[in-house]
Asker: 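I am attaching a structure below and will ask some questions about it afterwards.
Sequential numbering from 1 along the given sequence is applied to the chain's residues.
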Amino acid sequence: MAELTVTVDRDACCGVGRCAMTAPEVFAQRDADGTVELLESQPPPRLHEDVLLCAELCPCSAISVHRS
Ligand code: SF4
């Protein structure tokens, strides 16, 4: 299965937290300002579907996913 590499753009993040609710093993929200914190840049295959959903649903397009 292809690897996924995740990146986040904290400047674009509007702190909605949808990602942290959908994939809490990969994304968290920083206590300071609620913006996204990336916990796992190369999530295991069992989380790929959730990560792709997060990128699709992020209202600020702050999550990018690259396949390799
Ligand atoms: S879903 Fe998008 S806007 Fe919301 S916290 Fe995650 S990265 Fe930020």
Asker: For Arg30, give me all partners under side-chain contact (heavy atoms from CB on, under 4.5 Å), at least two apart in sequence or on another chain.
Answerer: Arg10, Asp33, Thr35, Glu37

Asker: Can you pull the disulfide bond (SG atoms under 2.5 Å apart) pairs that have at least one residue in residues 14-64, sequence neighbours excluded?
Answerer: Cys14-Cys60

Asker: Using the test side-chain contact (heavy atoms from CB on, under 4.5 Å), find all partners of Asp31 that sit at least two apart in sequence or belong to another chain.
Answerer: none

Asker: Does anything in residues 15-26 form a salt bridge (Lys or Arg N to Asp or Glu O under 4.0 Å)? List the pairs, not counting sequence neighbours.
Answerer: Glu25-Arg46

Asker: Kindly give the cluster partners of Leu53, where membership spreads through any ILVMFWY side chain lying under 4.5 Å from a current member.
Answerer: Leu57

Asker: In chain order, what residues pass the side-chain contact (heavy atoms from CB on, under 4.5 Å) check against Glu56, with sequence neighbours excluded?
Answerer: none

Asker: If I compare all heavy atoms of Met21 with all of Pro24, which pair ends up nearest, and what's the gap?
Answerer: O-CD, 3.9 Å

Asker: For Ser61, which residues count as a side-chain contact (heavy atoms from CB on, under 4.5 Å) partner, sequence neighbours excluded?
Answerer: none

Asker: Can you sort out the partners of Gln42 under side-chain hydrogen bond (donor to acceptor under 3.5 Å, both in side chains), two or more places apart, ordered by chain and number?
Answerer: Thr5

Asker: Running the 4.5 Å side-chain criterion over Ile, Leu, Val, Met, Phe, Trp and Tyr, what cluster does Val26 land in, apart from itself?
Answerer: Leu4, Val6, Val8, Phe27, Val36, Leu38, Leu47, Val51, Leu52, Ile63, Val65

